[in-house]
Amino acid sequence: MSLTDIKNRIAAAETRFGRAEGSISLIAVSKVQPNDRVESVLKEGHRIFGENRVQEAAGKWPEFRNTYDGIELHLLGPLQTNKTRQAMELFDYFHTLDRLKLAKRIAAMRDELGRCPKLFIQVNTGNEAQKAGVSPEETDSFVEECRALDLPVIGLMCIPPVDEEPSAHFALLSGLAERNGLAELSMGMSSDFECAIEQGATFVRVGSAIFGERVAPKA
Ligand SMILES: *Cc1c(COP(=O)(O)O)cnc(C)c1O
């Protein structure tokens, strides 16, 4: 696979599932990939990237940003409250807003920094004990709490259970977003992004299918 293959498959899925051309954003997930692989994707002109850890992203993206214009950086991994400031200075989007304490911290930092990343609320669609995210049942009230803080929540994100058909989870997330008036859906990875597009994804997060297998353990 390569960046071009994935872009072609996204375009084909847009056509096949009646989605507007160019309406799906591809987040190239560069976590734990060697810098030369990341740079080759930058050289192909891609600018939207995702990372799981604040520390790792802080170690590579400021330098890439000095060289390449227009980079858009998405935080896809869990965010510790005490890393909020650093994350807000580095990322343009957070996909993992999942608790009120973090929402309040982001709101306070927004007031201090005068800017705020766009936010996705992570929903634990499978109600898995080990997975982050608000439960589907809590989603409406959490969206409301975030709106009361005047946070720029633009959509919902999910990571379906590994051992289940993802389509039901994507459909559930899509219904929750629609009912809350949220336009964006962050769902779909290397193995299931076409299914996610069928179910309404607007951002897909693809790592290994672009960069190859991750060389270090999964972040
Ligand atoms: C690692 C990761 C991805 C990309 O996974 P691939 O299977 O390599 O495409 C997408 N989303 C999240 C939240 C991830 O942690």
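Since the structure is predicted, the reported quantities are computational estimates derived from the model, not experimental observations. Because only heavy atoms are used, hydrogens play no part in the values below, and waters and symmetry mates are left out as well, while side chains stay in.
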Practice task
Test side-chain hydrogen bond (donor to acceptor under 3.5 Å, both in side chains) on Q86 and K83 and set out the steps.
Solution key: CA-CA 6 Å; Q86 192 185 10; K83 296 235 174 85; over 6 Å; no
Only pairs at least two apart or in different chains count here, so list each side chain to side chain donor-acceptor pair (under 3.5 Å) that has a residue in [range].
range: residues 153-164; result: E164-H169
range: residues 176-188; result: H95-S186, D140-R179, D140-N180, E184-T202, S186-R205
range: residues 110-119; result: R85-E112

Problem - E21 atom CD: more than 12 heavy-atom contacts under 6.0 Å - result: no
Practice task
Please say whether more than 12 non-hydrogen atoms of neighbouring residues, nucleotides or ligands are located less than 6.0 Å from NZ in K7.
Solution key: yes
So does [Y] get a backbone contact from the side chain of [X], meaning a donor-acceptor N/O pair under 3.5 Å?
X: R19; Y: I197; answer: yes
X: E145; Y: R99; answer: no
X: S174; Y: G200; answer: no
X: D92; Y: L73; answer: yes
X: E56; Y: R53; answer: no
X: N124; Y: V134; answer: no

Exercise for the section: Could you tell me whether the side chains of S30 and E51 share a donor-acceptor contact shorter than 3.5 Å? Expected result: yes
Practice task
Compare every heavy atom of L185 with every heavy atom of A177, then report the nearest pair and how far apart it is.
Solution key: CB-CD2, 3.7 Å
Exercise for the section: Check ring pair (Phe, Tyr, Trp, His ring centres under 6.0 Å) between F94 and all other residues, then give those that pass, not counting sequence neighbours. Expected result: none
Exercise for the section: Tell me, please, which residues at least two apart from F170 pass ring pair (Phe, Tyr, Trp, His ring centres under 6.0 Å). Expected result: none
Fill in the blank from the handout: Paired with Y68, the side chain to side chain donor-acceptor pair (under 3.5 Å) test is passed by just one of E63, H46, K43, E39, namely E39
Problem - Residue list, side chain to side chain contact (heavy atoms under 4.5 Å, CB included) with T4, at least two apart or on another chain - result: S2, N8, E44
